[in-house]
2 protein chains.
Amino acid sequence: MARAATTSDVFNAIAEPRRREIVDLLARGAERDVTELVLRLGLSQPTVSKHLGVLRKVGVVAVHKAGQRRLYRLNPEELKPVHDWIQNFERFWTDQLASIKEAAERKVKQRAAQDRGASNPQSISKEQSHG
Amino acid sequence: MARAATTSDVFNAIAEPRRREIVDLLARGAERDVTELVLRLGLSQPTVSKHLGVLRKVGVVAVHKAGQRRLYRLNPEELKPVHDWIQNFERFWTDQLASIKEAAERKVKQRAAQDRGASNPQSISKEQSHG
DNA sequence: TTGATATATTCTCGTATAGGAATATACTTA
DNA sequence: TAAGTATATTCCTATACGAGAATATATCAA
């Protein structure tokens with residue numbers, strides 16, 4: 001079996017960095033035509049059109065015609081599955097932040113105890129594996 | 001140029017659904033050996049080992065040996081770039097929630113106005129494109 | 001109509017899969 | 001040492017890219 005198509009889902013679509021750049025540009029709010037994207041990305045027009053085609057197929061962007069131009073806009077709803085999935089791991093880095101904070105507070109308390117002249121702070125040596 | 005390697009970054013690594021399943025299993029906290037993952041995923045042992053190899057190369061999982069088994073654990077920090085990127089779009093769905101709420105409130109007010117006998121509510125026909 | 005501009009599509013090529021099958025490697029136990 | 005278990009690696013094949021080049025299609029301007 002080969003690798004899944006980039007158009008199979010949003011996770012595959014955004015695996016390509018140029019496509020994430022396109023999404024980032026469109027996230028700034030305004031609609032943009034292909035030429036604008038070409039200029040900003042420094043890629044060839046066919047390359048940009050092909051990337052837009054992938055994003056279109058998974059629904060991450062939408063187009064409408066305006067004369068001879070095509071105006072692309074972001075359709076952020078389609079990014080939500082990525083958000084929902086990665087959200088499940090948020091606790092890991094918030095927990096980490098929390099424990100960094102805790103460690104800092106322990107250190108402050110310890111220092112305060114030392115300042116008061118206590119020479120034998122109760123064992124706080126555990127959970128200090130600094131990476 | 002071919003598609004980027006699945007080991008080139010975390011976005012490519014998690015594009016594959018089975019690898020996301022592995023990450024989900026490891027996120028439940030405990031370390032797991034390969035056999036456990038094989039049983040839970042219903043894939044062949046070589047397939048699982050190969051997916052683990054990809055996740056290892058991008059740093060999303062870490063291993064250590066325990067006898068003849070290899071215990072895998074999640075290394076959630078490496079998922080953070082995905083979180084950070086997708087976070088930039090969170091405003092879109094929170095804004096959307098906000099506007100749904102607003103619309104609901106407008107509707108309530110309108111109904112209240114009708115209940116009071118007002119038969120000509122001021123033009124509220126715009127921004128009502130329901131998909 | 002003719003030429004110019006904007007965008008999409010097709011073709012080609014090198015490359016990287018994902019999974020199955022077979023095999024290699026490392027460790028354990030008798 | 002030999003057999004058994006756990007895991008990784010190699011070989012194979014069908015498939016799908018991503019970019020460049022060339023071309024097709026649609027619209028505008030004169």
Side-chain angles (χ1 to χ4, degrees), chain A residues 1-23 25-26 30-74, chain B residues 1-23 25-26 30-74:
Chain A
M1 196 187 279
R3 204 193 314 195
T6 56
T7 53
S8 61
D9 63 31
V10 62
F11 287 91
N12 278 281
I14 65 163
E16 158 57 57
R18 317 292 196 162
R19 287 196 286 267
R20 287 202 299 281
E21 282 189 61
I22 291 176
V23 168
L25 283 173
L26 294 179
E31 288 184 327
R32 301 201 189 261
D33 64 28
V34 179
T35 301
E36 267 182 281
L37 295 172
V38 166
L39 293 176
R40 301 219 177 227
L41 296 169
L43 302 173
S44 76
Q45 176 267 310
T47 293
V48 172
S49 277
K50 280 180 278 189
H51 282 315
L52 287 169
V54 172
L55 293 174
R56 233 166 41 217
K57 264 180 193 148
V58 299
V60 168
V61 304
V63 215
H64 74 267
K65 292 166 74 172
Q68 61 194 141
R69 297 183 302 155
R70 309 289 167 99
L71 295 180
Y72 281 83
R73 65 171 175 79
L74 187 64
Chain B
M1 195 189 277
R3 201 191 319 195
T6 56
T7 53
S8 62
D9 63 32
V10 62
F11 287 92
N12 277 282
I14 65 163
E16 158 61 54
R18 317 292 195 160
R19 286 196 287 266
R20 287 202 300 281
E21 281 189 63
I22 291 176
V23 169
L25 283 173
L26 295 179
E31 289 185 326
R32 301 199 188 262
D33 65 27
V34 179
T35 300
E36 266 181 283
L37 295 172
V38 166
L39 292 176
R40 300 219 178 226
L41 296 169
L43 302 173
S44 76
Q45 177 267 312
T47 293
V48 172
S49 276
K50 279 181 277 189
H51 282 316
L52 286 169
V54 171
L55 293 173
R56 231 166 41 216
K57 264 180 194 147
V58 300
V60 168
V61 304
V63 214
H64 75 266
K65 293 165 74 171
Q68 60 194 139
R69 296 183 302 155
R70 310 289 166 100
L71 294 179
Y72 281 84
R73 66 172 175 79
L74 188 64

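These numbers come from the heavy atoms of this one structure, side chains and all, not from hydrogens, waters or symmetry mates. Protein chains get the first letters and strands the later ones, always in sequence-line order, with residue 1 at the start of each.
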Got B/R19 and B/T6 here, is their nearest side-chain heavy-atom distance under 4.5 Å?
->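 B/R19 reaches B/T6 side chain to side chain.
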Any non-hydrogen side-chain atom of B/R3 less than 4.5 Å from a side-chain atom of A/N12?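 Touching, per the 4.5 Å side-chain cut-off.
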- Item | Any pair counted as salt bridge (Lys or Arg N to Asp or Glu O under 4.0 Å), so long as it reaches residues 35-46 of chain A, sequence neighbours left out |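 Those involving residues 35-46 of chain A are A/R32-A/E36.
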**Prompt:** Taking only side-chain nitrogens and oxygens of A/K65, does any of them come within less than 4.0 Å of OP1 or OP2 of D/dT27?
**Reply:**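 For D/dT27, OP1/OP2 do have a side-chain N/O of A/K65 under 4.0 Å.
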Covered region of DNA chain C, 5' end to 3' end, by chain B [heavy atoms, under 4.0 Å]: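 So the outermost contacting nucleotides come out as C/dG14 to C/dT28.
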Does any residue of residues 43-53 of chain B have a heavy atom under 4.0 Å from DNA chain D, and if so, which ones, in number order?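 Here the set is B/Q45, B/P46, B/S49, B/K50.
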Checklist entry - Sequence neighbours excluded, which residues qualify as side chain to side chain contact (heavy atoms under 4.5 Å, CB included) partners of A/L39? => result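 Counting only residues at least two positions away or on another chain, A/L39 forms a side chain to side chain contact (heavy atoms under 4.5 Å, CB included) with A/T35.
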Give the residues of [range] touching DNA chain C, defined as any heavy atom closer than 4.0 Å, sorted by residue number.
range                     : value
residues 67-74 of chain A : A/Q68, A/R69, A/R70, A/Y72
residues 30-38 of chain A : A/D33, A/V34, A/T35
residues 4-14 of chain A  : none

Handout entry: Toward the 5' end of DNA chain D, by each residue's nearest nucleotide, B/R56 or A/A2
Key =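 Per heavy-atom nearest nucleotide, the more 5' residue is B/R56.
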- [ ] Would you mind telling me which residue lines up with the more 5' stretch of DNA chain D, B/V63 or A/M1, judged by nearest nucleotide?
- [x]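 Going by which nucleotide is closer to the 5' end, it is B/V63.
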_Using modelled atom types and a 3.5 Å cut-off, is there a donor and acceptor pairing between side-chain atoms of A/R20 and backbone atoms of A/A15?_
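Pair found, side chain donor or acceptor close to backbone of A/A15.
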**Request:** Carefully, step by step, assess B/L26 and B/L55 under the rule side chain to side chain contact (heavy atoms under 4.5 Å, CB included).
**Result:** CA-CA 12 Å; B/L26 295 179; B/L55 293 173; 5.9 Å; no
Residues that [X] engages under side chain to side chain donor-acceptor pair (under 3.5 Å), provided they are two or more places apart:
X     : value
A/E21 : none
B/T7  : none
A/R56 : A/Y72
A/R70 : none

With A/R69, which residues qualify under salt bridge (charged side-chain N to carboxylate O under 4.0 Å, His left out), at least two apart?
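Scan of A/R69 (salt bridge (charged side-chain N to carboxylate O under 4.0 Å, His left out), adjacent residues dropped) gives A/D33.
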